[in-house]
> 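Please read through the structure below; I'll follow up with questions.
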Amino acid sequence: MEKVEIQKLFKDGAMQVTLRRATFDRLQIRQQVNYRGRTQDEVFFQKQDGANVEFEIVRRMDFEPEGVFEITAVYTIRRILNDEFVGQDIDFRELLRTYTANDFNMLCGNVFSSMSLIISQLTLASNGVPMVSPPVYCGVAAKPEN
């Protein structure tokens, strides 16, 4: 199956968003170490039930080298297929591999903004200074080899 535009694949406005988990782990901060923050997003196909399609969105924020904190926010979104695609054999895992950052932003709606807000609130409560992660899809950064 060739790539189908998200606007055509799913019904407009038919999206259910659920925060499944948010974790904040405070790690050791070593003196005289320069930490570099990273934000990584991943989108996974979960299941299809008739016209309903469910995806899991995971945002991780951490530091290189390991330290300061690690945050993970996990959301589930449920979208409804347009009638013409119901019953078709669509490989959503393969379809996700073809998506660009713009496609992920359209697929997930305002989930990345919600993740940014949750992360800001967690870091504000922890040390009084909110860290604001991008309110858009950040892609997956490759982890360094150990």
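Throughout, numbering of the chain's residues begins at 1 and tracks the sequence. Values below: all heavy atoms of this structure, side chains included; hydrogens, waters and symmetry mates excluded.
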> Using the rule that Ile, Leu, Val, Met, Phe, Trp and Tyr join whenever any side-chain heavy atoms are under 4.5 Å apart, tell me whether V86 and F45 fall into a single cluster.
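In one cluster: yes.
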> Please report the shortest heavy-atom distance between V17 and V111, naming the atom on each side.
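The answer is CG1-CG2, 3.8 Å.
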> What I want to find out is whether R60 reaches E42 closely enough, with some N-O distance under 4.0 Å, to be called a salt bridge.
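Yes.
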> Work out which heavy atom in S120 is nearest to a heavy atom in P130; give both atom names and the distance.
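The answer is O-CB, 3.6 Å.
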> List the steps and the verdict of side-chain contact (heavy atoms from CB on, under 4.5 Å) for I6 and D103.
CA-CA 7 Å; I6 295 169; D103 293 328; 3.8 Å; yes
> Using a 4.5 Å cut-off on heavy atoms from C-beta on, say whether the side chain of C108 contacts that of V43.
yes
> Do the side chains of F44 and V58 get nearer than 4.5 Å, heavy atoms only?
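With C-beta onward as the side chain, the pair touches.
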> N105 vs F112, test: side-chain contact (heavy atoms from CB on, under 4.5 Å). Steps then yes/no.
CA-CA 8 Å; N105 287 321; F112 298 112; 3.5 Å; yes
> For the atom pair CD (Q121) and CE (M131), what is the distance rounded to the nearest 0.5 Å?
15.0 Å
> Nearest 0.5 Å please: distance from the CG atom of L9 over to the CE atom of M106.
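These two atoms lie 11.5 Å from each other.
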> For residues S114 and Y75, report the shortest heavy-atom separation together with the two atoms involved.
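Scanning both residues, the minimum pair turns out to be CB-OH, 3.4 Å.
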> Counting C-beta onward and ignoring hydrogens, is there a side-chain heavy-atom pair between R78 and K47 closer than 4.5 Å?
yes
> Just wondering, do M15 and I80 contact through their side chains at under 4.5 Å, heavy atoms?
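No - every pair of side-chain heavy atoms lies 4.5 Å or more apart.
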> Within the structure provided, determine whether T76 and F55 are in side-chain contact (heavy-atom separation under 4.5 Å).
no
> Working to the nearest 0.5 angstrom, can you tell me the gap between D25 CG and I71 CD1?
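The CG atom of D25 sits 9.0 Å away from the CD1 atom of I71.
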> Kindly give the heavy-atom pair with the smallest separation between R79 and K11, and that separation in Å.
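For R79 and K11, the tightest heavy-atom pair comes out as NH2-O, 3.7 Å.
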> In terms of side-chain heavy atoms, does N110 have a donor or acceptor partner in S113 at a distance below 3.5 Å?
no
> When you compare the side chain of Q31 with that of V33, does any pair of heavy atoms fall below 4.5 Å?
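Not touching, per the 4.5 Å side-chain cut-off.
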> I need the F104 CZ to C138 SG distance, nearest 0.5 Å.
12.5 Å
> Answer yes if the ring centres of F24 and F69 are under 6.0 angstrom apart, and no otherwise.
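For F24 and F69, the ring centres are under 6.0 Å apart.
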> Treating N82 as the side-chain partner and E84 as the backbone partner, does any N or O pair qualify as donor plus acceptor under 3.5 Å?
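Answer holds: no.
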> Using a strict threshold of under 4.0 Å (side-chain N to carboxylate O), is an ion pair present between E56 and R20?
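Looking at R20 and E56, the cut-off is met.
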> Thinking salt bridges, do R38 and E64 make one under a 4.0 Å N-O criterion?
yes
> Mind checking the CG-CD1 spacing from L124 to I119? Nearest 0.5 Å is all I need.
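Output value for this atom pair is 13.5 Å.
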> Of the non-hydrogen atoms in F85 and K8, which two are nearest, and what is the gap between them?
CE1-O, 3.1 Å
> What are the two closest non-hydrogen atoms of V4 and L95, and how far apart are they?
N-CD1, 4.2 Å
> Set out, in order, the CA-CA distance, both residues' side-chain angles and the distance that settles side-chain contact (heavy atoms from CB on, under 4.5 Å) for L96 and L107, then state yes or no.
CA-CA 10 Å; L96 288 175; L107 173 71; 3.9 Å; yes
> Can you tell me if CG on N34 sees more than 12 non-hydrogen neighbours from other groups inside 6.0 Å?
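No.
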> Is any side-chain heavy atom of F63 closer than 4.5 Å to one of R36?
no
> Do I77 and E54 come within less than 4.5 Å of each other through their side chains, counting heavy atoms only?
no
> Check the side chains of R59 and T39 for a donor-acceptor pair under 3.5 angstrom, ignoring hydrogens and angles.
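No, because no side-chain N or O of T39 sits under 3.5 Å from a partner of the opposite role on R59.
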> To the nearest 0.5 Å, what is the distance between CG (L81) and CD1 (I90)?
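Between L81 CG and I90 CD1, I get 5.5 Å after rounding to 0.5 Å.
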> Are R26 and S126 close enough, and set up right, to give a side-chain contact (heavy atoms from CB on, under 4.5 Å), and what steps lead you there?
CA-CA 9 Å; R26 186 179 274 284; S126 172; 2.2 Å; yes
